[in-house]
Structure formats: C-alpha cells, structure tokens
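These notes are about the structure you will find just below.
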Amino acid sequence: MTDLILSLEITALGMGLVFGAILLLWLMMVLLTTLTADKSPAPTSPEPDSVSETGFKAQAATLAVAIALAEQGQSTAHPLPEPPTAIVSAWQLGMRTSQRAQKGNFRSR
Amino acid sequence: MTDLILSLEITALGMGLVFGAILLLWLMMVLLTTLTADKSPAPTSPEPDSVSETGFKAQAATLAVAIALAEQGQSTAHPLPEPPTAIVSAWQLGMRTSQRAQKGNFRSR
Amino acid sequence: MTDLILSLEITALGMGLVFGAILLLWLMMVLLTTLTADKSPAPTSPEPDSVSETGFKAQAATLAVAIALAEQGQSTAHPLPEPPTAIVSAWQLGMRTSQRAQKGNFRSR
Amino acid sequence: MDLSSLLPELLKGFTHFTIGNAVMISAALVLIYLAVFKEIEPVLLLPIGFGCLLANIPLSGMTAVEGMMGVLYDAGIKTELFPLLIFVGVGAMIDFSPLLAQPRMVLLGAAGQFGIFGTLILAVLLGFPLNQAASIGVIGAIDGPTSIFVATKLAPELLAPIAVAAYSYMSLIPIIQPPIMRLLTTKKERLIRMEYAPKPISKTTLIFFPIVLTIVVGLLVPEATPLISMLMLGNLLKMSGVVDRLSKAAENEIINIATLFLGLAIGATMNAAAFLNFDTGKIMILGLFAFVLDTVAGLLFGKLMCAVTGGKINPLIGAAGISAFPMAGRIAAKMAQEEDPDNFILMHAMGANTAGQLGSVIAGGILLSVVSKMLGI
Amino acid sequence: MDLSSLLPELLKGFTHFTIGNAVMISAALVLIYLAVFKEIEPVLLLPIGFGCLLANIPLSGMTAVEGMMGVLYDAGIKTELFPLLIFVGVGAMIDFSPLLAQPRMVLLGAAGQFGIFGTLILAVLLGFPLNQAASIGVIGAIDGPTSIFVATKLAPELLAPIAVAAYSYMSLIPIIQPPIMRLLTTKKERLIRMEYAPKPISKTTLIFFPIVLTIVVGLLVPEATPLISMLMLGNLLKMSGVVDRLSKAAENEIINIATLFLGLAIGATMNAAAFLNFDTGKIMILGLFAFVLDTVAGLLFGKLMCAVTGGKINPLIGAAGISAFPMAGRIAAKMAQEEDPDNFILMHAMGANTAGQLGSVIAGGILLSVVSKMLGI
Amino acid sequence: MDLSSLLPELLKGFTHFTIGNAVMISAALVLIYLAVFKEIEPVLLLPIGFGCLLANIPLSGMTAVEGMMGVLYDAGIKTELFPLLIFVGVGAMIDFSPLLAQPRMVLLGAAGQFGIFGTLILAVLLGFPLNQAASIGVIGAIDGPTSIFVATKLAPELLAPIAVAAYSYMSLIPIIQPPIMRLLTTKKERLIRMEYAPKPISKTTLIFFPIVLTIVVGLLVPEATPLISMLMLGNLLKMSGVVDRLSKAAENEIINIATLFLGLAIGATMNAAAFLNFDTGKIMILGLFAFVLDTVAGLLFGKLMCAVTGGKINPLIGAAGISAFPMAGRIAAKMAQEEDPDNFILMHAMGANTAGQLGSVIAGGILLSVVSKMLGI
Ligand code: NA
Ligand code: NA
Ligand code: NA
C-alpha cells in the first residue's frame, strides 16, 4: 500500500520533472539557435533558386527514395561526405612526406 | 608406470570418444542437410547449362587461378559480396535522412 | 638547497647520458645502414635518369605540393601503396575458395 | 580407471540438462530466428539469442565468473561501459537539426515517457518492490542502453528480462504501433499536412547543442549525466567535423564491439534457473504494456497539440516521441503517407523522435534520482 | 651524489643481461626473420618474436604483473579471452559448405587427431606428469587457439613453449607434410580422381549448422563449448547475412587486435629464466612428432577409406584432416595436381580440412574433460 | 513523501556546483573551442575538454572509481596501456629513412632535450619536490605519451596539469616557435641551403632499425623500454610489409580508441577541487618555459653545427629536434621557405624531428631512472 502511494507520488513528481526539464530544454534550444544562428544571409547559398522552385515536396520525395533504398538494404556504409580534418592527418602527412622522399630520392639513385 | 597405463587408457577412451562424437556429427549433418534443403528445384538457377557444359574441371581451374592470385598476395580485402542488412542500417538511415533534409532545406534557404 | 644541487647534478648527468646514448645510436645507425645496404647497384632502378635530371629541387617541390594538399585536408586515408601480404590472406583464401566452389557448383545445380 | 565410473562423466552434459534449459534454448532459437529470418534488430537479438543458448548448455563454464561470458559481464555490464559506449556510437549517428529547427517538438519527447511511470505503478500493484518496479518501468523508456543502465543500478537481478523485453519490443515497434495509431486518430487527423519552413540551423548551433545540453541536463539531473554525456560526446565528435578518426571509430569499431559483447553478456544471464520464473513472465507482459502506454500517451499529447494549434499538428508524430530512434519516426511518416501519398511529415516525426531519445534519457535519470533518494540507496 | 655508486645503475641493463637472454633474443630474431623474410605466419610469429625480445631485456618491467605485457596476459590469456575472440574471427572466415556437401569427409577430421594421444603417451614416457603431457599432446590438435586454451587450463607453466611449437610447426606445414605424403602413398593412389557432384547446400542449412553444432557438441563435450561456440558464433554472424557490421568487426578489428595482443603476451612469457630448460627442448621435439603422427594417421585413414570405397577416395585428402585450416587443404590439392595437372581434389580436401578444425576442438575438449576428471582438477 | 525535503534533492546539481567548477567548465570550453574552431590537436583537446567538462558536473558519479571515467582511468592510465598503445600507432606512422640517410641529424635529437632539465631545475627552485619537478620537466620532452608515462610513475597527482600542458603547448608550436627562430637566427643563416644526396636506404635497413634500436636502447636505458619498444613495434609492423592487418589495426582502431579514452580519462582528472590550485598555474608557466627552452637549445645547437661544418647546416633544423612529430619539422622547413621560396630543407628537418622523437623517449627514460634511483623509489 505504501509502495502504491509512493509510486503515485513518483509518477506525479517524475512526470512533472520530465516536463519541467523538457521545457527548460525548449528554452535552451530557442536561445541557442537564436544566439548561434549564421549571420551570413541566405543568398550566399550556391543554388537557392533551383531548390525553391522544386520546393519542399521534391525534397521530401528524394528523402522517400533514400529511405526506400535504405530499406532494401542497398545502403553504402558511409553515404555522408566526410569532413576534411587537417590536424588529424598530421601524422599521415609525416608518413607520406618521408615516403615520397624515399621513393623519389633514396631508392631512385 | 601408472601414468603410462593411464595415458594408454586416455588414448583408447579419447580416440573412441572423438570418433563417437564425429559419427554423431555425421548423422547430424546428414539430417540437417536433408531437413533444411532448398525446396525450390534446381532449374531456378539462372545459368545451369553453361555450368554443366563447362563442367567441374573448368570450375576447379577457376579456383586454382584464384588460389594462385591469392598466393601472390594480390587479394583484395573483401572479395565476398556483402549481404544486404536492412535493419542494421536503421541508424544510418536516420542520420542520412536528417542530413539530406538539412542540406536540401535548412541550409539552402 | 639539497634539491637544487641534486637537480643540477641530475641535469649534468642526464644530458651527458642523453648525448652518450644518442652518440651510440649514431654509431649504431651508421653500422646498420652500412651492413644492411642493398648490394644491388644503383642502375637497377627503373628511372634513374629522369630523376637526376629533374633533380632534388623538383622532388622537393612535389613534396611541398603534397604538404599543401594535406594541409588543406584533402588527404585520403591510405595514400601509401599497401604491401602484399601472402600468408595473412590464408584464411580469406580458404573462405573465397569454398565460396567460389559453392557458387559455381552447389548452387548452380 | 573404471569405465563404469566414467559413464556419468561422459553423459554429464545430458544428465545436467533440465527441461528449463530446453525451454530457454527454444527461446534462444526464437530470438535467433527473429533476428536472422525476420531481420528484427539482428545486431542485438542474434548475440542475445546466442548468449542465451550458451547459458543453457550445462557445465560449459562460460557463465562462471572466470568464464568468457562472466568476464564480459564484469568488464562491460557491471561497469556500465557497454551501454555507454553504444551511446557514443548512437550519438555519432543522430542529427538533431530537425529538432533544433522546430524546438516545440521537444514537448512530444516528454509526453512519450508516461509509459515509464504507468508501468511502475502497475508493477507495484503486481507486487514488485519499488526498486524492481522502477527498473521495469524504464522498459517504457523504449531505449535499450537506458534500460540496462538503470536496471544495473536499481535491480541488477532483473537485468536479463528487462534487457530482453526492451530490445525485443523495440524491434516489434512496426507491429505494435500502427494499430494503436489507427485506433486513436481519425482519418481527418492523419491527413493533416504540416508546414515545413524551418529556420536554417548553422553548423555552430549543431556544435554548441551537444555541449550545452550536457551541461544543462547534467546540472538538472546529475543521474542522467553518464547517458546524456556519452550520447552528446558522440554527437559532438561527429558534428565538430574535425575528429573524423574518432567519430568513425565511435560509429564503427566501438559500437560494433560493444554491441556484440553486450548482447552476448546479456543473453548469457538468461540461464533457466535464474530466468524461468513467474517474475520474468510478468516483466514481459509489463514491458509490452509500457510500450502501448507510451504510444497512447504520445498520440494523445499529439492530439492535444493539434487542438491547441488549431489543427496544424498531425497527431501521428506524437507516436514518434517515444524514443526508439529512428524506427518510430519512420513509422509515423509512413502512416501519414498511407492515407495520402503526398503528405510528408518525416522531418517533423524525426524531430519528435530525437526529442523522445533525449526525453527517455532524462526520464531515466530522474527516476533513478527519485527512487534512489526514496529508498536511501 | 656519488658518481661511482651510479655506475652500476647506469650499466644495470648490461650487468643483468645473461647468456640465456642472448640466446632467447637470438630465438626472437629467428622468429621475426621467419615472419618477415620467409612470411611464415607473420601475424603471429612477428608479435611472438617481438614479445620474446622484450621479455629478455632485463629490468624493463614490461613482463611484471603491472607492466604492459603482464596486463595483456592477465586480460586476455589468463581469462582465455584472446584465443576465443580469435576463434570468433576465424569462424567468420570459414565456409562449411564443402563439408556439408560431403558429410562422410568428417571422419577424416577424427583420424587427424591420433597425434594428440600418441604424443601424450610419448610425453609420459619422457617423464612429464599427466597434466603437462596432455597439454603437450594438444599441440597435435594443430590448432593454435585450442592448444592455448587447453594449456591454460591444464599446465599454464608450459604455455609459452606449447604456443610457440603449435604456431611454428603450423607454419611449417608446407615443409613437413609433402615428404610424408610421398612416402606413404603410391603414385597410383595420388592419381585417383574424385567425383564432385554434391547436393546443393541451402542458405538455411548454412545458418542452422553453427547453431545445431554448438548445441550438439556442447551437450556431448561441455569442455569444448567455449571454443566450438565462439567458432560457430563467428560463422553464424557471417552466414546469417543480417549482421554485416558484427561479422566485419569479428573478422577485422576483433581478430586483429586479439591476435596482436595474444602474440605479444605469449612471446613475453619466453623469458630465458623460465623458458630455457630441457623441458622446452623436449616439447619442441614432441611437437614436431605430433605433427608428423597426425599427418601419418590422416594418410593411413585416407588409405583405409580408399580401400573401403573401392578406390574412390584419394588418400591425400587424409592429410588435410589435421586442422591447420586452410593450409593443409591446399597442400593436399597441390600434391594431387603435381602428379596430374588435371586432377582437382581441392573441394574434398577443404571438406576434410574443416572437419579437421572441428575434430581438433572436440578432441581438445575431450582430452580436457578426461584428464581433468582423472586428476581430480 | 515530503516535497520540501525533496527540494534540496532536486536542486542538488546546482547547490553542489562551485565557482571552481564554473572556472573549470570555462577552461573545458576553451579547450573544446581551440580543438573545434582552431583545429588545434582536436583528436586530443576535444576529448580532454569534454572529460574536463564531465569532471565538473557535480554528483554525476562518472569520475568515481566505479564510474565510466574511473574505469577508463584504471584500465588505461594507471596501467599505462593507453599511452603505450598510442605509441604503437604513432610508430606505424613514422618513417625513419630521412634520419637513417643522414645519421648525424640524430645529435639534434639530443640537444632538443635541454628543456627537460632546465625546467626541472626551475621547478625545484619554485619549491616542487624532486619527483614532481622531474615530472614537470618531462613536459619539455614535448611528447604527450612520454609525459604521461613518466608522470604516472613519478607524480601521478600531477598527471592532469602535466598532460594538459604537454598537449596544449604541443599544439601551440606553430605560434610558439617562429618568433624564437627569427630572434635567434640571422637572415643569412636561414638562407643556408643544404645538400640532400643521401645514400639509399634499403628495405632491410628499415626493418632492422626498429629491432636493433629496441635492443640497444633497452639495454642502455631499461626504463625507456616500454615507450621505445611500442614505438618500434608499430614501426616494425609497418615496415615489415607482411602484417598489413596488424599495422592497419595499430594506426587505426587501436590508436583511435586509445586516444579517445586517454583524452577523456585525462580530462576527467581536471576536477576543480583537485586541479584549481597554485601548483597548476606554476606547472602551466613552467611548461611554456620548457617549450621555449627546448627550442632555444635546439637552435643554438643548430648554430654550433653550422659553425663546425663551415656553414653547411641551416640552424633552423635545430628547432625541429624537439620531438612534436611532425609539426616541428614542418615549421622549420616553412621558415626557410619564407626567406627563400627555393630553399627546401624539409628532409633534413624531418630527420631532426624523428631524432627528437627518439631523444625525447630516451631522455624520459634516463630521467625516470636517475630520479627513481636518487629517491629510492
Ligand atoms: Na521513451
Ligand atoms: Na588436428
Ligand atoms: Na623533446
């Protein structure tokens, strides 16, 4: 019995806290998107016209095709363009540097 | 001395058990291949004629070439066709979905 | 005070040992490169002339381009030619072997 | 050596085999069947099923403390390392831009957690002590790692049935949700189209989001920090775009290895002697109830939002607020398209779905906090 | 600070260096030479050789309990995690269809285990106690992980020489087997051609096989469960075709890392003080004997099958039943082709070879079971 | 349940939050900012920053012994596994041929270690006990794994500030070094061109080098064995060309996972209570001093070599002898090209740079040896 009352209290408190926390998150998200929005205006985009012509429906259709393909399991492992990482490849650069040198120089003599 | 007798006993018992277990495996394999055989008849295969013409010897030759290549170390890392995995890529789908949306929509405005 | 004297002693001793060890390394490297040098004379190289004509400066320029590219993050993950590994692919060979056999034979019937 | 004394030794595998073991091996075969032939969450159900099979082969020693499954359990479940590492990988696969573009969607991520508490109450009524009832409730988070994380803290003795229920039902979402959706929404509601003209989300926002969220949630619900921070770490690795090496490791090597080992170790706890009892059956039923309740609560809240906004919200996206990323989002979008092939609500459903993922972790942390406090753990 | 008191400190590396260390470092260099310049099992001999080198540099602290090699040993050898993880990867690389298409080939996998027991008897005659003799015998399983697994249980003090013998000889198979094959078979026997018209093997069969085999072997020989189940888990991951992520992780990340660490940790047990003794020499000779005996037994059984079937079995494939997948299968096929370039017995040899892999694990488990029982371990 | 008694529970995250936590979270954000937006060593600074952030969220339990960060710390830092595994990967990425082609460059690798000892003296003057002063000095090795390795042995209580200083300054090399280079060299010196006609380096040499170096350094400085041997193991895996699987695992999976976990675990030691004190500030300043001193010593030694060789050595390459591979080598070459776009000294600078890597490890081992002996540790 005590446990039942406790569990009801937990429910009330818990859902209250969940909604409270989520509301704070909402506020945070609004603030964040506002504060960190791109200052650069929209026209900088390279292909704004074609997009606004074809419109949202076309994009959604593209999306639907992508989903259908994925559901058929024809997905490739890394469809996303890989962002360039300059510093990460520092070690590889060192490797490549000396390798090139070795090939073009040490060995060719 | 006791150890020698013991070891002889182990050998008799051990090899007996090995053969016993292997015989049971044989039985299991026969049952399994019978019970789980494809119900679909052979003719469903797309290229049965060419195979039966060229015959077993040709296939074995192909195999031998493959081995020779592998021994020369010219193997690629994943020569086998990769089976499609629908559910596995669920997460990737989610990623791709939103990424496409973002590119085609959020950014282009 | 004692610690200061100690630390000065450590410095003298430490740098002495570092230089000592490095001098031994130098000796080791000279010996090693002499003992393990390729016996085959230089002319075996396939393109010795073109290299000596274009000379060191050209190679260095190539190198600089490689660095510049890498700094722009346009590096691919594995720019180096992958050395062939014969035995490593033994397992894969076994896999491929049986897979081929299966495709060319079991299934085609 | 006396051969007659060796006979029991030779047959020990069979003489120690119980009916319970047979039942559990059958269950294991069902899990493997679902994984392989029905392709239901195979990356999890296949290892769980195989682990369950191993746990019911007598005298193999694999589930002993020094056996392989025992070693994996101690290394990754007891320390909670595996679910947290999986979250790093999941985080690297989630994109929060649909949610950031429509922040109000986050409310649906709160509504989709009613199932947790509803199930908790029901579990108490069925006689479970509070710590166990709370752990069972978290099946309603509809999020595997969160369920495992909370159960490990509050009721490790129930870890196996809870994990199995969470993952099995999660994979049954395409079967569980659609009938409820049809039942609770009118055709007119399902036909509602939603504008999608969100404000652009900058790369800066996407980078700041995981950092700020970690701090905010960490301060609000310290118990949720491990889960939310690892999810956000993965997301930050991906979104920053400067640590390609690490984000690839997170979404490949780390998550794959952690998933395989977690599945095996969870499955290996499903020994007949420990698993086959009345409680397990009750947990399975309660888990199903939790899923239904979550979906109902989400849909009803969707209807409320529809009413409040004057019919601008399609209530179907409410069902996507339950977590279970990204299946739930996809199903909501599919249902809308079934009524009207030109109705695309996928972006909204994905917003609600990522919100559900956040809500599940937060609710799990809150439950952990409140129950720990009450029980003085 | 007195410089003269520092001199011993500065030269301690040299003053603690023994002739034994020099011998073992030479052995390490030989292993590395074989790996790098002769390409003999380099993925194993290179790490083993390097580990051996490290173990014989005095005072490095690497092989202490808290040193890196000690940590790896405790994490993966003492727990048997590394050999088992390697088996998951090997399983993902094996295809059992040649064996399933010709089930009688499985008998050759039994015959190829005589070497285990013959070596055991000889080891007892040479004065080894039973637990050590059995561990030495398992070198005759001609299967690295099985040897390590059994030795860790029965005689961990002999782990280093046993592992080194198993892997070194395994890589010398192309040198050891052919002369024996020529000696024991007639030219006429080697010319025998074999029909290959197997029944088709369905995908369903390939998926059920690892599951059923795990259960059957698990019940028959509980001690073999860890090894056989991990081999079959890898195979199931691959054959199911639905968990590409996991099967790729098994045959790449997991097996690579486990192999590197296992090699280093095994090699690091080859400290001169522990390794350089008469027993090690005896084990090396016994190991070679085990390999020869296995090959002989396999060939003789092949001849028996040839006689029984009225000359339809080429006895050469008997030599492929020793395990050592896939080298042994290849060599048998090669020998047949040397006599007659048109004679292709590769598929049969591969069937026998995979049978040998299964037989080795089963025999290892049986030996473990019988000896443990007798010694009351 | 008394709601008022729950309020402190609900706000505990905030009530336990200290100004120190706020300061440290700000520091974490700076590290993440540098990593993400300035791309300064992001693979390290991003995890370190995120770990620092987590360590300053009160009551999350993540840095407790049984929390995730505690588990990672015990598994990889206390055992020194992570820095050593990182070295295996780094070794697989280094090519020693520029150094082997010009062996005298190795001297610059010795000169670039003066900073270690200069900083040690200064740290003693500032009141640090000898073990701490030595650990701080090793920041002057300008090599992350070496700094962590030595600090873990001599002064684990200072690990966090030392690691942070080492990695932060290492990433600031493009900012720290150029002004010093301009200050200490004349334009005429920077214009010196260097002949590059090295003798050819055979594959055999490249394979023997890591093996022989391990033995030689191991015998000379046993304390440096773990670091040097793992660096050389990685190099051998790569150069041997026969274990492609393992060398790829080393330079991908192993180094990526170890780097991520090391960064998180190091960052997680930066709790305000432990980190925010006067000593940390002093260490940060001493670390910067060490970097400057190293560069100065390298340049001066370069000038000495220039004088001795009659102006055939460009002193700029002296600055590349500090370790910090490959950034330092690149910067030296860049400075020369700024003066004269046709002046290419990259190969010489890379030779000095790899020498600096070796010198740093050796100096770290020597310091460990000498200080341990003196303190009787
Ligand atoms: Na949920
Ligand atoms: Na065998
Ligand atoms: Na240095």
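Excluded from the calculations below are hydrogen atoms, water molecules and symmetry mates; all remaining heavy atoms, backbone and side chain alike, are included. Below, chains carry the letters A, B, ... as their sequence lines are ordered, and counting in each starts from 1.
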Inset, instruction - Go through the atoms of E:L130 and report whether side chain, backbone, both or neither lie under 4.5 Å from a heavy atom of chain B. - result: both
Inset, instruction - For the pair B:L17 and E:V370, evaluate side-chain contact (heavy atoms from CB on, under 4.5 Å) and give the outcome as yes or no after the intermediate values. - result: CA-CA 10 Å; B:L17 290 174; E:V370 172; 4.3 Å; yes
Inset, instruction - Pick one of side chain, backbone, both or neither for E:L367, based on which atoms fall under 4.5 Å of a heavy atom in chain B. - result: side chain
Legend entry - Which of E:V216, E:L213, E:I362 touches chain B most, by non-hydrogen pairs under 4.5 Å: E:L213
Legend entry - Part of E:V106 within contact of chain B (heavy atom distance under 4.5 Å): both
Inset, instruction - Report, as yes or no, whether the 6.0 Å neighbourhood of atom CZ on E:F301 holds more than 12 heavy atoms from other residues, nucleotides or ligands. - result: yes
Would you tabulate the side-chain donor-acceptor contacts of residues 107-121 of chain E under 3.5 Å, counting partners in other chains and residues two or more places apart, or write 'none'?
unit_1: E:Q113; atom_1: OE1; unit_2: E:S360; atom_2: OG; d: 3.4
unit_1: E:Q113; atom_1: NE2; unit_2: E:G109; atom_2: O; d: 2.7
unit_1: E:T119; atom_1: OG1; unit_2: E:G115; atom_2: O; d: 2.5

Legend entry - B:T36 side-chain N/O to E:T204 backbone N/O, donor-acceptor pair under 3.5 Å: no
Legend entry - Rounded distance (nearest 0.5 Å) linking atom CG of B:D3 with atom CZ of E:F128: 12.5 Å
Inset, instruction - Could you look at E:L99 and say if it's the side chain, the backbone, both or neither that has a heavy atom under 4.5 Å from chain B? - result: both
Taking only distance into account, with no hydrogens and no angle test, what donor-acceptor pairs under 3.5 Å do side-chain atoms of residues 22-31 of chain B form with protein atoms, sequence neighbours excluded?
none

Legend entry - Shortest non-hydrogen separation from E:V124 to B:S7 and the atoms involved: CG2-CB, 3.8 Å
Legend entry - Reported CG-to-CE distance for the pair B:L13 and E:M374, which is rounded to 0.5 angstrom: 6.5 Å
Legend entry - Residue selection (most heavy-atom pairs with chain B, distance under 4.5 Å) from E:L125, E:V217, E:L100: E:L100
